[in-house]
Amino acid sequence: MASADLSIGIVSYHNSKDISRLVESIEHYTSPQLKKRIYIVDNADDQALFEPLTARYDDVEYVHAGGNIGFGAGHNLLLNKIDSKYHAIVNPDVLLTEDSFSILLKFLDEHNCAMAVPKLVGEDGNRLSVYRQHPTLIDMMARMSPADLFKERNAKHELAHADYTKPFNVPFAQGSFLVCETGMLKKLKGFDERFFMYLEDADLCRRVNQVSSVMYCPDTTVIHKWEKGSHKSLKLFSIHMSSWFKYFSKWGWFAPGKSYKEQR
């Protein structure tokens, strides 16, 4: 029997302030009946900045990665540590405003799926376009083009016409807030570490959908301060392009993958 209902992994790279706010929101809103363990994986060297947090909460554990090993590899460091029924992959720049974890765990049980993603909104309250079809080379080119040039193509890729009041299968959910069965995640060996950052979430969702399903849960909302770093940094853009190449080399350049089907 698992020692915790839920483990939560957060990978940090000079994100201590964001993570402090995130952890405080988790501690404030999550039911005390839900037995949880929060792991902060530090890809920098900010242990001193996290000491007040680990001292305040006895269910928060600091893990030093030993260097900037990347997003997926950072999360994978936890695979041999966690002993939980469910595991959450959470970005530093998100905030809870309700007991989202209890809602998501109930949703996973009721819908017999292996991974769930909540409604993610920006700080303005508007839903973010983080639910997508499996990406193709054409989708990548469309997203890099002027916004109006491939407006309908982008809308289709981003599942803009889905009914977000109901649950549905998501081919690719952006990895800022994913809750999954721990056993399934371990069987899949977590993220593919060939992706340093970007597209590791698309790859993981694709593998989860091969053995079970990734489901959108409309019952809870989480705030995500989505900064789109690769749009502002040449270095991050280069990493993003490298990840695109690795993804298409693995899954194919033009295959559309599993099509979106709304669950009615």
Side-chain angles (χ1 to χ4, degrees), residues 70-73 75 89 91 113-122 126-164 166-178 180 188 190-218 224 226-264:
F71 179 85
H75 278 287
I89 296 160
N91 267 21
C113 56
M115 182 177 282
V117 56
K119 181 180 180 181
L120 286 160
V121 301
N126 292 323
R127 179 182 57 79
L128 297 172
S129 56
V130 294
Y131 319 91
R132 301 175 186 172
Q133 292 276 15
H134 293 306
T136 67
L137 176 62
I138 296 172
D139 292 317
M140 183 195 78
M141 295 172 65
R143 292 180 63 80
M144 294 175 63
S145 302
D148 293 335
L149 194 58
F150 295 99
K151 188 174 181 179
E152 185 53 36
R153 174 84 193 194
N154 287 329
K156 183 178 179 182
H157 174 66
E158 295 174 355
L159 307 182
H161 306 306
D163 183 353
Y164 284 90
K166 299 177 182 178
F168 61 84
N169 173 245
V170 184
F172 163 25
Q174 195 235 23
S176 53
F177 202 104
L178 300 170
C180 59
L188 294 179
F191 288 105
D192 185 337
E193 295 184 16
R194 287 175 290 183
F195 300 93
F196 179 80
M197 187 166 59
Y198 305 119
L199 276 300
E200 71 286 301
D201 45 6
D203 173 80
L204 178 61
C205 287
R206 193 154 187 165
R207 289 185 285 125
V208 171
N209 273 316
Q210 287 181 331
V211 297
S212 180
S213 58
V214 180
M215 295 290 292
Y216 165 74
C217 171
H224 182 206
W226 196 19
E227 297 184 341
K228 299 183 180 180
S230 68
H231 292 224
K232 306 170 186 177
S233 163
L234 185 60
K235 180 180 179 181
L236 292 177
F237 177 75
S238 175
I239 294 172
H240 206 158
M241 293 302 296
S242 174
S243 292
W244 278 113
F245 180 82
K246 292 173 184 175
Y247 180 87
F248 293 137
S249 296
K250 180 175 182 177
W251 293 105
W253 293 77
F254 299 102
K258 183 180 178 182
S259 63
Y260 159 73
K261 291 183 180 178
E262 187 176 356
Q263 307 299 307
R264 297 188 181 274

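Just the heavy atoms: all of them, side chains too, but no hydrogens, waters or symmetry mates, feed the values below.
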- Pairs meeting criterion salt bridge (Lys or Arg N to Asp or Glu O under 4.0 Å) with involvement of residues 234-247, two or more places apart: none
- Message: Applying side chain to side chain contact (heavy atoms under 4.5 Å, CB included) to Leu159 and Phe172, what does each step give before you reach the verdict?
- Response: CA-CA 10 Å; Leu159 307 182; Phe172 163 25; over 6 Å; no
- Considering non-hydrogen atoms only, spot the tightest contact between Gly175 and Ile89 and give its length. O-CG2, 3.9 Å
- Message: I'd like to check the side-chain contact (heavy atoms from CB on, under 4.5 Å) partners of Ala114; sequence neighbours left out, ordered by chain and number.
- Response: Glu181, Met184, Val208, Ser212
- Item | Minimal non-hydrogen separation, Gly190 against Leu204, with atom names | O-CD1, 3.8 Å
- With sequence neighbours excluded, tell me which residues meet salt bridge (Lys or Arg N to Asp or Glu O under 4.0 Å) with Lys250. Asp192, Asp203
- Item | Minimum heavy-atom distance His157-Pro135, with the two atoms named | CE1-CA, 3.8 Å
- Would you check if Tyr247 and Glu200 make a side-chain contact, meaning some heavy-atom pair closer than 4.5 Å? no
- Message: Which residues pass the side-chain contact (heavy atoms from CB on, under 4.5 Å) test with Ala160, not counting sequence neighbours?
- Response: Ala155
- Message: Using side chain to side chain contact (heavy atoms under 4.5 Å, CB included), reason through Phe177 and Val130 one step at a time and then give a plain yes or no.
- Response: CA-CA 10 Å; Phe177 202 104; Val130 294; over 6 Å; no
- Please name all residues satisfying side-chain hydrogen bond (donor to acceptor under 3.5 Å, both in side chains) with Tyr131, sequence neighbours left out, ordered by chain then number. none
- So, Ser243 side chain and Leu199 main chain: donor-acceptor pair closer than 3.5 Å or not? no
- Message: When you compare the side chain of Asp163 with that of Phe168, does any pair of heavy atoms fall below 4.5 Å?
- Response: no
- Query: Which is it for Asn169 and Met215 under the side chain to side chain contact (heavy atoms under 4.5 Å, CB included) test, yes or no, and what are the steps along the way?
  - Reply: CA-CA 5 Å; Asn169 173 245; Met215 295 290 292; 4.2 Å; yes
- Note on the structure: Minimal heavy-atom distance between Gly122 and Leu128, with the atoms involved, is N-CG, 3.6 Å
- Query: Which heavy-atom pair separates Asn209 from Pro171 by the least distance, and what is that distance?
  - Reply: ND2-O, 3.2 Å
- Heavy atoms only: give me the nearest Met197-Leu236 pair and the separation to one decimal. CE-CD2, 3.2 Å
- Message: A side-chain contact here means heavy atoms from C-beta on lying under 4.5 Å apart; do Arg127 and Leu120 qualify?
- Response: no
- Is the Tyr164 ring parallel, tilted or perpendicular to the Tyr216 ring (thresholds 30°, 60°)? perpendicular
